[in-house]
Amino acid sequence: MEKRYDPKLIEQKWYDFWTQNGTFHGDSSAGGDPYCIMIPPPNVTGILHMGHALNNTIQDILVRWRKMQGRNVVWMPGTDHAGIATQNVVERALRNEGKSREDLGRDAFIDRVWEWKEEYGSTITRQLRSLGCACDWERERFTMDEGLSDAVTEVFVRLFEKGLIYRAHYIINWCPRCHTALSDEESEHQDLDAHLYYIRYPVLDAQGNADGHIVVATTRPETLLGDVAVAVNPNDDRYADLDSKQIMLPVLNRQLQVIRDEFVDPEFGTGIVKVTPAHDPNDFEMGQRHDLTPINVMNGNGTMNEEAGPYNGIDRFECRKKIMAQLEDEGLVEKVEPHKHAVGHCYRCDTVVEPRLSPQWFVKMQPLAEPAIEAVNSGKVEFVPGRWTKVYLEWMENIRDWCISRQIWWGHRIPIFYCDACDHVWASKTQPESCPECNETKIRQDEDVLDTWFSSWLWPFSTFGWPQNTDDLKFYYPTHDLVTASEIIFFWVARMIMAGYEFIGDIPFQTVYIHGTVRDDTGRKMSKSLGNSIDPLSIIEEFSADALRFSLMMITATGQDVFLSNDKFEIGRNFGTKIWNAARFMQMHTEKTDIPCRFDRELTCNPERLAPDDIYILSRLDKAIAVCNENLQKYRFNDVAHELYEFIWHQFCDWYVEYAKDVLYGDDADRRAQVLGVMHHVFSQAMRLLHPVMPFITEELWHAMQYGDADDSIMLADWPSTQEKLPGVDLDEKLVRYVDDKHDLIRMGRALKSDYNIQAATETNYVLKPATEEATQLIQADINALKSALRAGSITIDTDASPRGMASAVGRLGTMYMDLAGVIDLDAERQRLSEQINKLSADIQRADKKLGNENFVTRAPADVVERQKALRAEMAEKHDKLQQQVATLSQA
RNA sequence: GGGGGAUUAGCUCAGUUGGCUAGAGCACUUGCUUGACAUGCAAGGGGUCACAGGUUCAAGUCCUGUAUCUCCCA
């Protein structure tokens, strides 16, 4: 083994090994107990960021753990075609060539997008590989694949024929830059510091003479060009006489209707609002209630249209400025106030979304939502952490229809056909030759494509070949865990549950694990525009993929947001180095012997000759296994990481390996074999426990230690279980407790040296007065281990010891004296002991107070009271002994 | 406006059904080129658990309110 661990080559090597050996592939015909995870398909234009790294590390942990448990595992990978984002990317490239998509035409443009996809579309899946993801790449899918596209068409036609897909002229979110409709979820609200403009609308009396004005408050003055009415609350008696007046629209001098509608908040502005049904969703609804005809004053690109009169052709924001200037000139501006309000932004390009009245296709969601609500209410689908249940239900119970049409070219074209002859509109899975009603051949397909999520919501079954009822679908569906971030609950999770019920009649997955958002160390979301992203690939380059993964798990509390900075990844790197060196140590000693290394398969040891420290580490291993198992089941990955860190670093390396040195450098060949046997057994189990989190280094060491055959993988090794007791080995509780106490004793002995400024390497002499007969025997049998741990010159066991002039410390096993060769500072030692005594006195008092409380003794559970009593007794004993020490000192 | 989360050591965070003397990593102090590892070892210091009430034998933990930060929805 190399002295330094060099992860780069090793990680590449093992990833190739796994993929070449089909380690990640699952096969339904092999049967067994299925376990399936669907990757949240990343955007095909995407590059790996820390959110992906966190998301996929968690999935990989689950997948590798289940695989080792012997489940028939599939982790389904793939990407989505990201209609708007991908089209944007390709259009940008075209623009650099001085062309537009219209120049190319639809078919040529789509060819061009496919070319782009072939060339650049595998960036993120390649990056997932360097993270170590055990995806079943043979199954990789893309939402525009033939099979998945077939599923999309099938679903559209079914829903259309069921009456759940309809076309309507409705106000939707429109991105003027991407030039398409968006769903409500794709319009992200951001609070903006803006203004509330108070504008005077002239009033004429019944005779048509000027009669003052009314004041309306608006955040968007440019839309007044599309006003058709003003509205007041019916209970607002300030404006009772408004009906007898004519309200005139400034600029265009159009007479406006006056309507009364409950929607108007009398507290907002002046209590009068302008009504612009074509440019505001609330106004649109008011318009419908009052039978108003909307006037659209804008073009699709965000400029004003001919309805805007003098402002025709001007950009909407420019128009706002100009119109305010004109109103100012005409004395029609009452005042302008600062105003904070939420404004929708396009989730793909961050342009301010424009509410736009246009014909679009919608899915009627309420009927689909009902079983999906029930699935979560009944616990068939479970959110972890559970608080997300409420978020999901809240959205589902107030679900709104889903706008699925997009005015772009890249995507699944809507399978709707129109007959110009008879106006028949129908959906068809195949390209029809003629109108089914009138047989006319002059038919045309809808120009729009579907929302990308309209294919993503089918992902859990379309990837398995649905609508065909394939063997894979039957075997792996419903899948088990879905791992994603909270941002995607509405976009994707909720819709998948609805699709699962609607098209398969069953849930798509059992558990939805929602992890936190990755933030920078000041708590801001990582984003390209803020420039605060940490690139996972540069972290992998600098620290290794294992380090990235382990560090993320160490610092990511279940479901909480993660605050990251570069130096946090040192945790994982240092841990990897530690493990590497422990393995080197073991190999070094194993090479010197002729014993085989494969202790994990069969621990060939003589139980009679196992020392307390051997028993102890085996017992701690059992505990580590139990803790890991429990926390994996509970999706508490940071607890798993912490336990592995504690066990491998502190229990194994700090205590057991240190203990083992004495034996391994000693001359008892039989004991050497025992210790090496235990060591390899523990290490091989630890590597398995760690494998899901740090797959590369564990695979490397699995082979370096020859725990498996050359063509074997740790990923196929058995997952550790506490049930597998070692033959003939009794993990005697008494011995385990003894070693715990011995560790205390060692710490105390070292602290004595440290307190007296004696270098650790100086071989001082100790006298030990055991507390009990049992302790005497245990220590006597174990004296060499104690001696070497303390680097003692000698340890004299003396049950009657009462030495003078020595520094002392009291532990459960007994009292430890350190010989200071007559140079003890009595005052300092007295001081040292008094401090301990004082602290103990305070603790004893506190315990007495509790135990003296009648209510505590009678009402608290018996075991709590017992524990308190035992603790008190222990403290009192130690207290007495310390006082004796002080007394002995004084006699000197 | 509605809902969620957070507030514990200098920093980042654990602390699960209330029950030890509140823990970890990093940072800090002191000592150590000890035969796997200085990406390390050993020994330390450091906390009024945001604030105010309440429930309880017992509150970091449960309840109410307040403050600050943060996210989602409208």
Side-chain angles (χ1 to χ4, degrees), chain A residues 1 3-5 184-185 188-189 265 281-282 341-342 344 385 387-388 390-391 394-395 398 400 486-487 489-490 516-517 519 521 523-525 543 547 551 554-565 567-568 570-589 630-631 634 636 638-639 641-642 645-646 649-650 653-654 657-658 660-661 664-665 746-755 757-762 788-789 791 839-840 842-844 846-847 849-861 863-865 867-868 870-872 874-875:
Chain A
M1 285 174 70
K3 188 163 194 306
R4 287 178 66 92
Y5 175 52
D184 293 335
E185 290 67 40
E188 293 181 337
H189 291 270
D265 175 9
N282 294 313
H341 66 143
R387 68 182 126 91
W388 295 107
K390 236 178 119 174
V391 175
E394 183 68 22
W395 187 78
N398 300 293
R400 299 195 295 180
S486 60
E487 293 99 271
I489 291 178
F490 308 141
T517 306
R519 300 175 184 283
D521 53 357
R524 296 175 309 176
K525 221 171 184 169
F543 297 100
S551 305
M554 267 303 262
I555 60 182
T556 305
T558 305
Q560 295 296 0
D561 289 353
V562 200
F563 290 58
L564 280 184
S565 56
D567 55 347
K568 301 244 170 101
E570 289 173 7
I571 303 172
R573 181 199 57 189
N574 295 354
F575 189 43
T577 306
K578 188 74 184 173
I579 295 166
W580 182 258
N581 283 302
R584 278 180 59 223
F585 173 84
M586 291 164 62
Q587 198 188 47
M588 197 178 98
H589 286 281
E630 188 188 338
N631 286 304
K634 292 177 4 191
R636 295 186 64 100
N638 66 328
D639 290 330
H642 273 106
Y645 191 85
E646 163 68 22
W649 196 310
H650 298 304
C653 293
D654 288 351
V657 171
E658 288 307 315
K661 281 179 182 171
L664 294 175
Y665 289 110
I746 291 167
R747 271 188 286 260
M748 282 177 350
R750 287 172 178 168
L752 283 175
K753 279 193 188 178
S754 173
D755 284 349
N757 292 319
I758 296 168
Q759 301 217 331
T762 307
S788 94
R791 294 172 164 242
K839 184 166 184 310
L840 270 176
D843 290 343
I844 291 170
R846 200 175 15 236
K849 199 176 156 197
K850 256 190 187 172
L851 289 164
N853 183 338
E854 187 60 32
N855 280 323
F856 174 70
V857 180
T858 52
R859 293 207 202 177
D863 61 311
V864 174
V865 178
R867 224 179 307 146
Q868 193 62 225
L871 183 67
R872 199 243 172 246
E874 197 183 300
M875 291 190 296

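We name chains A, B, ... by the order of the sequence lines, and we start the count at 1 in each one.
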Inset, instruction - Would you give a per-nucleotide map of nucleotides 27-35 of chain B, 5' to 3', where B means the base has a protein non-hydrogen atom under 4.0 Å away, S means only the sugar-phosphate does, and - means neither? - result: ----SS-BB
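With contacts defined as side-chain heavy-atom distances shorter than 4.5 Å, the pair A:Y665/A:H589 qualifies. The side-chain heavy atoms of A:R584 and A:N581, taken from C-beta on, include a pair separated by under 4.5 Å. Counting heavy atoms from C-beta on, the side chains of A:R791 and A:K753 come closer than 4.5 Å. With contacts defined as side-chain heavy-atom distances shorter than 4.5 Å, the pair A:I489/A:W388 qualifies. Between A:V864 and A:R867 there is a side-chain heavy-atom pair separated by less than 4.5 Å.
For B:A74, the OP1/OP2 oxygens have a side-chain nitrogen or oxygen of A:R400 closer than 4.0 Å. For A:K850, no side-chain nitrogen or oxygen approaches OP1 or OP2 of B:C20 to under 4.0 Å. Between A:W649 and the phosphate of B:A36, there is no side-chain N or O to OP1/OP2 separation shorter than 4.0 Å. Contact check, A:H189 against B:A74: a side-chain N or O comes under 4.0 Å of OP1 or OP2. Of the side-chain N and O atoms in A:K578, none sit less than 4.0 angstrom from OP1 or OP2 of B:C37. One finds no side-chain N or O of A:H650 lying less than 4.0 angstrom from the OP1 or OP2 phosphate oxygen of B:C41.
Put simply, CD on A:E854 is 15 Å from C1' on B:A58, counting in whole angstrom units. Rounding to whole angstrom units, CD of residue A:Q587 and P of B:A36 are separated by 13 Å.
Note on A:K839: a base of the nucleic acid sits closer than 4.0 angstrom, heavy atoms only.
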Legend entry - Per-nucleotide pairing state of RNA chain B [Watson-Crick or G-U, under 3.5 Å; [ ] pseudoknot-crossing; | other strand]: (((((((..((((.....[...)))).(((((.......))))).....(((((..]....)))))))))))).
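Using a 30° and 60° split on the angle between ring planes, A:Y645 and A:F575 fall in the tilted class, from 30° to 60°.
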